[in-house]
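Down below is the structure, laid out as structure tokens.
Values reported hereafter were calculated over all heavy atoms of this structure, with side chains retained and with hydrogens, waters and symmetry mates removed. Each chain gets a letter, A, B and so on, in the order the sequences are listed, and its residues count up from 1.
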Amino acid sequence: MTTTLPTSTPEQTPGRFKSFFSSRPVVKLRRNKLAVAGLIMTFVFLMVAVFAPFIAAPSQAAGGNCLRDLGITQTSQIYNPAGGAFWKVLLTAPDSCYHTERESFSPIPTPPGGGAYFGTSQGYDIFYGMIWGTRVMMKLGLVIVAITLFTGIVVGAVSGYYGGWLDNLIQRFIDVMLSLPSLVLTIVLLTVLGPSISSIILAFCLTGWTQYARIVRGDILRTRNLEFVDAARSLGARDFRLIFKHVLPNSVASVLTIAILDLGTIPLSIAALSFLGIGLPVGYTDWGQFMSFARAWMDNQYWYVTVLPAAFIILFSLGWNLFGDAVRDAFDPRTR
Amino acid sequence: MLNFIIRRIAQIPLVMLALSLLLFVIIFQLTPAQRAAGYIRSEQQAAQLDNIIRQRGLDQPFPIQYGKWLSSTVQGDLGFSRTSSKPVFDTMKERLPSTIELSLYAGIPIVLLGIWLGTLSALNKDRFVDQFLRVFAVLGTSLPSFVLGIVLLKFLYGSLGWLPGPGQVDVLNQFAVLDPTFKHYTGMLSVDAMLNGRWAVAGDVLRHLIMPVLTLVIIFSANILKVMRAQMLETLTSDYVRTARAKGLGNKAVNLKHARRNALLPIVTLTGFTAINLLAGAIITETIFAYPGVGQWVGSAAQNLDVPAVMGFALLSAIIVVVISTLTDLFYGVVDPRVRFD
Amino acid sequence: MMKPTSLTLLTALLLGSAAFAATPKDTLVIQQSNDTPTLDPTANYDTGSSNMIENMYDTLWTYKGNSLRAFTPMLATAVPTFTNNGKTLTVNLRKGVKFHSGNSFTCADAQYTFERNLVTNSAESGNWFLAESLTGTQANANDDKSVTWDKISKAVQCNAQGQLVFTLPKADPAFLAKLAFSGQSILDKQWAIKQGEWDGTEKTWKDWVGKDVQGSNLSKNPSGTGPYQLVSRDANALLFKAFAGYWGKKPAIQNVIVQKIPELAARQQAFLRGDADLVETGSRANIEEQLKGKPGVVIVDGLPNTSATGIFMNENIKAGDALGSGKLDGNGIPANFFSDANLRRGFAYSFNYAQYIQDVQQGKGKQRTMLLPDSFPGYDAKVKTYKFDAAQAKSYFQKAWGGNVWKNGFTLNADYRAGSVAAQTAMEILKKNVEALNPKFKVNIKQKQWADMLNDSKQGKEPMIIIGWAPDYADPDNFMYTFYSSNGYYFPRSNWKDAAVDKWLDQARATVNPAERNKLYSQVANRAYEQAPYLLVPAGVGLYAIRDNLVGANASTYNPMLGSSTLFTGTAWKDLSKK
């Protein structure tokens with residue numbers, strides 16, 4: 001049961017980095033080719049997400065309001081790091097930039113070529129949708145996982161450490177939540193909240209924290225009676241300090257692995273909801289919508305409306321899964 | 001053990017009560033007008049918005065509406081589903097067998113394939129088979145069902161035309177099914193068709209099932225494969241397997257009798273999970289393949305805020321989840337004598 | 001025992017669908033995307049249900065051929081004329097008609113039907129317009145205490161000669177058209193009572209007021225006088241067979257199967273393979289790109305469109321947040337922003353009608369002169385229309401609000417109904433053109449859930465919305481009053497009030513002479529052109545696709561008032577056959 005306990009003795013940062021890179025799990029990760037491939041893939045997606053405005057630059061011709069809301073008139077102006085638009089679009093892009101550019105208002109797909117590198121689906125530029133969609137997916141995944149992870153850890157820690165009626169109450173509540181497929185709960189929540197970025201985040205956070213809480217609680221129940229915790233307690237350590245300093249770090253590895261996998265699966269769940277027609281508003285840069293558009297155009301000549309969005313979704317998920325699996329293996333003491 | 005079962009079953013009504021309360025609280029965040037809109041199909045009907053609210057009592061306070069729902073539910077009336085244009089109970093009775101049918105056709109191969117491939121992968125660790133299966137496992141878990149479903153439809157149906165498209169049965173066989181002489185014994189269409197001796201219908205239903213089943217099998221068996229492989233690797237290196245080998249037992253005997261049996265334990269839990277997830281996955285799969293099960297219905301019901309339908313499904317789901325997890329625990333106890341029910 | 005079983009199974013599996021693909025000649029296969037909400041005429045108020053009900057039930061009369069003006073008798077022996085200054089209508093009923101249950105049709109059935117419709121008159125149903133004619137109010141007895149049993153039973157009576165007599169509180173030129181709606185189909189009284197429906201007496205009527213009968217036992221076990229009767233139904237499909245005791249001409253099609261296939265691509269495939277005769281074909285783009293020109297497919301194009309859609313410009317906006325700053329300072333709009341006619345004209349000149357027709361309607365659209373379908377009586381093709389003209393738009397925007405609009409600009413927040421692609425596109429086109437006129441013009445469009453949209457638009461909170469109207473019955477009043485009168489249903493959404501128009505519309509309501517009525521409607525339309533209360537969205541031209549062996553479905557048999565007109569051929573099944 002001796003996974004890497006973070007040393008409480010303060011160390012110099014370079015040394016810490018070094019020890020991190022040469023720690024057993026990380027070495028195992030570095031040796032695993034699939035993990036490296038997964039890491040590279042997620043890194044590429046991350047870069048695409050960050051630099052989306054420069055890869056699929058918004059244009060004036062498509063009639064969107066992105067450039068207007070950035071306060072500029074020419075597409076070329078966003079490439080200029082000296083101008084304010086460069087930083088604005090990079091860091092706080094206005095909402096209008098997340099609306100897929102329309103090449104036409106005709107629903108008939110047009111093949112790749114000309115201005116639309118990937119063609120159009122329902123009149124929307126597939127390339128713009130995919131690139132900015134990466135940003136949306138990445139952003140949503142990170143925000144939701146961060147919130148659910150935090151909530152889950154806190155609730156799980158409290159539940160596991162204090163036990164008693166509080167633990168019982170929390171666990172029964174989780175039981176109730178888990179007795180309904182979370183998709184149904186999410187759909188109901190989204191229908192009630194209406195389709196928008198914030199309601200998606202809220203809906204997923206409300207349903208997503210339970211699994212983390214369960215795991216953390218289980219880990220805490222196992223570790224809290226271990227000797228070093230007792231020792232710390234006898235030394236007079238306070239409850240919260242105990243939880244966060246001594247008990248939690250032991251269960252972080254297992255929770256983090258799941259969090260990494262969730263970073264891949266949550267965007268897909270969002271895409272699935274858009275596919276069902278209850279995710280983000282139509283016209284938002286969101287991958288699921290493009291899959292949904294594709295359903296009406298199954299002829300071979302329209303391959304691009306299905307294949308290209310599918311490829312983005314699959315590669316994104318594959319990257320996180322390869323990486324997440326490898327992390328799990330690396331931290332799993334059973335597989336050496 | 002009997003005690004344990006009784007206690008678990010006694011839980012069901014409590015879970016149902018809590019779940020229904022939770023859903024009601026969520027749904028009541030909407031204004032009466034928003035809830036009434038679900039009853040309206042056209043602009044013309046919108047003129048009647050206020051009347052609908054009044055006639056349905058949508059503007060009554062929360063406790064009264066919840067109490068009404070509760071008392072009629074206790075009396076066995078789950079209400080009327082606008083989505084299916086039928087009472088909720090009738091809808092579930094009609095559609096649940098189809099979902100069970102799909103889950104069975106998918107579930108059995110999922111578990112068997114997962115166990116078999118997982119074992120295969122572990123026994124051939126780091127060899128080609130293992131590498132191949134590991135890639136399959138990652139791919140399988142990475143594929144979202146709606147993407148896989150659409151891609152399968154696009155190629156196997158749209159481009160190649162090898163398999164029939166969405167739906168449960170082709171239109172001509174639909175005649176046979178709707179014929180008054182066709183008896184619906186189980187509600188599972190392929191089984192009923194066989195019992196009626198309508199082989200053409202059964203074959204057609206089965207061919208329609210191939211794509212949804214394939215979608216589910218690829219996605220879910222990958223997960224079982226992963227766990228099975230990890231478990232096998234662990235038990236293969238454990239002490240008692242080494243002991244068994246030392247005692248001179250043959251490789252095959254050790255692998256199958258000892259290692260595999262122990263590795264199967266977590267699979268039992270996982271099978272329970274899979275069964276529950278198949279129910280959840282049904283919403284997407286059934287929608288893509290236009291399969292008339294509960295998932296397709298509740299998916300659109302939830303979007304239409306068809307309150308009785310969502311509540312009815314929640315109750316059904318609570319029963320299924322509690323029963324499956326109880327069964328899993330029981331089975332666990334049978335396999336592993338260390339588990340005690342107290 | 002086991003061997004032949006698995007062998008047959010295997011054969012069946014391998015043969016595939018090709019071996020079975022031959023729909024019999026006497027069988028009609030229909031595929032649609034949705035469930036059929038109800039088979040109870042009283043609850044019917046949607047095209048999906050109408051499509052079934054109008055083939056299982058008969059009304060007293062129905063529209064003749066493709067006409068919207070002429071009727072042909074069904075369960076009446078002739079289309080009657082009003083007596084007593086348009087307040088009494090006496091109907092002679094057909095003799096020797098049988099219901100599917102075997103019961104004979106009598107006046108009591110007709111009386112029961114209309115009484116049931118008036119008694120229940122649930123908010124979801126279309127009975128409000130029957131009630132409006134017969135009891136003088138749209139509401140039922142729970143919501144309007146003036147509705148009494150006495151009033152209901154006096155309105156519809158059977159006389160000693162077995163004739164059905166309607167007594168109206170005041171003349172209603174649209175009454176005949178209202179009774180042609182399939183929701184007013186004649187029910188089988190004895191059968192209905194046997195199924196546990198209302199027993200038709202005063203004693204129990206109160207229990208049934210406001211009752212939603214969508215899922216009634218009558219919907220489960222229907223019995224009508226129509227040419228087809230229900231055999232069975234399940235979650236996938238409905239099966240009908242021709243009714244042997246039908247009073248009229250025996251239909252050629254003996255079996256009809258209506259299958260639910262939500263996926264458009266699947267329906268198209270089944271149709272192209274010839275497995276299905278009629279399918280819900282999706283938009284014009286889908287038909288033209290994926291069905292047109294394929295072997296065995298016939299496209300029937302150029303069909304009349306009986307809905308009218310307009311972009312509303314609310315002249316008295318009642319919501320603070322939609323107004324932004326609430327002032328003409330470029331960051332919002334004042335509540336009465338659209339009360340300036342020049343501004344409305346500016347918007348009307350900004351909409352690119354031609355582009356909308358080209359992109360959304362694939363070139364097959366028509367710009368109407370008024371918010372009334374061109375196939376309706378009262379339509380005047382000579383009224384002028386707006387064209388897309390940036391220069392004109394600019395000059396009107398410059399005139400609006402004494403030049404302040406042009407100088408300061410505005411931010412307009414417009415919503416469209418979530419999921420409506422046509423509405424979204426129309427708004428986007430308008431936005432694009434308006435914003436191109438002046439960089440200070442800002443139009444933000446966003447989608448809104450229908451639930452919120454309904455309520456907010458009703459309360460006049462939406463500055464600019466796009467909504468349409470589909471007719472309940474073929475009478476111009478159903479459109480003109482709805483859109484243009486300040487007592488009309490849509491008034492709270494537009495808040496456009498014009499005293500002259502109100503007067504003309506009320507006159508038209510009480511005028512029975514068609515020429516005089518038409519003149520009044522032309523006056524309204526001309527005034528509306530000049531005042532531009534709405535932006536008229538071009539009307540798409542209807543079309544459908546059928547298999548080439550289907551006989552009897554063409555433009556001359558297409559009646560846009562039938563339930564099947566929206567999704568299918570606008571023809572009764574009994575008039576179809578296959579070669």
Step by step, work out the side chain to side chain contact (heavy atoms under 4.5 Å, CB included) result for A:I108 and C:E288.
CA-CA 10 Å; A:I108 302 165; C:E288 292 198 341; over 6 Å; no

Just do the side chain to side chain contact (heavy atoms under 4.5 Å, CB included) check on C:Q447 and A:V282 with the steps written out, would you?
CA-CA 8 Å; C:Q447 71 170 16; A:V282 177; 4.2 Å; yes

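Proximity to chain A (any heavy atom under 4.5 Å) is shown, for C:K442, by both the backbone and the side chain. Of the atoms belonging to C:Q362, it is side-chain heavy atoms, and not backbone ones, that fall under 4.5 Å from chain A. Neither the backbone nor the side chain of C:Q361 comes within contact range of chain A, judged by heavy atoms closer than 4.5 Å. For C:Q424, the part lying under 4.5 angstrom from a heavy atom of chain A is the side chain only.
Side-chain atoms of A:N65 and C:K431, non-hydrogen and from C-beta on, do get closer than 4.5 Å to each other. With contacts defined as side-chain heavy-atom distances shorter than 4.5 Å, the pair C:E289/A:W297 qualifies. At a threshold of 4.5 Å between non-hydrogen side-chain atoms, the residues C:Q290 and A:Y302 count as touching.
The environment of C:K394 atom NZ is sparse: at most 12 non-hydrogen atoms of other residues, nucleotides or ligands sit within 6.0 angstrom. Other residues, nucleotides and ligands contribute over 12 non-hydrogen atoms within 6.0 Å of the CD atom of C:Q459. By the neighbour-count criterion of 12 heavy atoms within 6.0 Å, atom CZ of C:F388 is densely surrounded, having more than that number from other residues, nucleotides or ligands.
Between chain C and the residues A:S196, A:S96, A:A296, the largest count of heavy-atom pairs under 4.5 Å involves A:A296. The candidate with the highest count of non-hydrogen atom pairs below 4.5 Å against chain A, out of C:L264, C:I429, C:N444, is C:I429.
Residue C:V360 comes nearest to A:F105 through the heavy atom pair CG2-O, 4.3 Å, listed as atom of the first residue, atom of the second, then distance.
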